[in-house]
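Computation of the quantities below employed the complete heavy-atom set of this structure, encompassing side-chain atoms and omitting hydrogens, waters and symmetry-equivalent molecules. Counting starts at 1 for both ligands and their atoms, following the listed order.
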Amino acid sequence: MKELRLGVNVDHVATLRQARLTTYPDPVEAALAAERGGAAGITVHLREDRRHIQEGDVLALQERVATKVNLEMAAAEEIVEFACRVRPQDACLVPERREELTTEGGLSVAGRENLLSGVVARLAGQGITVSLFIDPEPSEIEASAAVGAAAVELHTGAYADAAGEAERDRFLQALVDGAALANKCGLEVHGGHGLTVANVGPVAAIAEIEELNIGHSIVGRAVMLGIEEATREMLAACRAARSD
Ligand code: PXP
């Protein structure tokens, strides 16, 4: 079985920073810590509304990340131009709606082959490995191969959010079948969205999946792991001032 890579999405470190327009917490520092923890890549989504990651973050990550940068992006001209200029190792095309809380569904590739094959070719022409974030539907997988993508990232959100066991099994089976079909079509298979320590196991066990991109649960866990120490540090700083 191929080794599984973990890409850590640090968007929500930037979400916290942008909430106060401060310089901290720094997604680049978080990325370096994720690498120390074993991340095989750092994923960020430069959204058109810039609600978390900014252009400068991507540039700094490109300079400082030792593994690889995977830029999630809409197939929008402004972002495509930016990606072609910055040339991250990987780019993942995602659908984007301004009002959404997060990327809500997979990209519609079937029926938009002309537009997407042009974007994929432009990115690939800059040496970028292009994946498409899609639902595990046979028509989308076949269309992804047809437009020249190197990889698909299968949307695991429906599996992660499934209401009960029967529904979860059905969505897991779709991922299993989708991974097999994508592999047969010559695509590298990735997965992501909504994965946690509690639900990642059955997805990580799918042999064809080579990379998982996980963000929200890791950043959320990092906050809980660190808040005790951060409180201690602040209290020590306060007490030090009193003892002066
Ligand atoms: N993969 C893609 C394409 C995404 O858009 C996201 C969310 O930004 C993720 C993976 C990570 O999802 P989560 O934050 O739920 O782990």
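- Any N or O atom pair closer than 3.5 Å counts here, and C92 shares no such pair with ligand 1.
- Under the side chain to side chain contact (heavy atoms under 4.5 Å, CB included) criterion, S117 pairs with V147, sequence neighbours left out.
- Residue N213 places no N or O, backbone or side chain, under 3.5 Å from any N or O of ligand 1.
- Residue contacts with ligand 1, taken as heavy atom pairs separated by less than 4.0 Å, do not involve H155 at all.
- Taking the centre and axis of the six-membered ring of Y159, the NZ or CZ atom of R168 falls inside the cone set by 45° and 6.0 Å.
- An N or O contact shorter than 3.5 Å is missing between H12 and ligand 1 by distance.
- A perpendicular orientation is assigned to the rings of H12 and H52, their planes being inclined by more than 60° (bins at 30° and 60°).
- Contact annotation: H193 has at least one heavy atom less than 4.0 Å from an atom of ligand 1.
- Atom CZ of R221 has 12 or fewer heavy atoms from other residues, nucleotides or ligands within 6.0 Å.
- By the criterion of a heavy-atom distance under 4.0 Å, neither the backbone nor the side chain of H45 is placed next to ligand 1.
- An N or O contact shorter than 3.5 Å links E153 to ligand 1 by distance.
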Which side-chain N or O atoms in residues 223-233 pair as donor and acceptor under 3.5 Å with protein atoms at least two apart or in another chain?
residue	atom	partner	partner atom	Å
E228	OE2	R232	NH2	2.6
E229	OE1	R232	NH1	3.2
T231	OG1	I227	O	2.7

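- With values rounded to the nearest 0.5 angstrom, E55 atom CD is found 8.0 Å from R85 atom CZ.
- Polar contact with ligand 1: absent for G192 (N/O pair, distance under 3.5 Å).
- The contact set between ligand 1 and V94, taken as ligand atoms under 4.0 Å from a residue heavy atom, comprises 3 (C).
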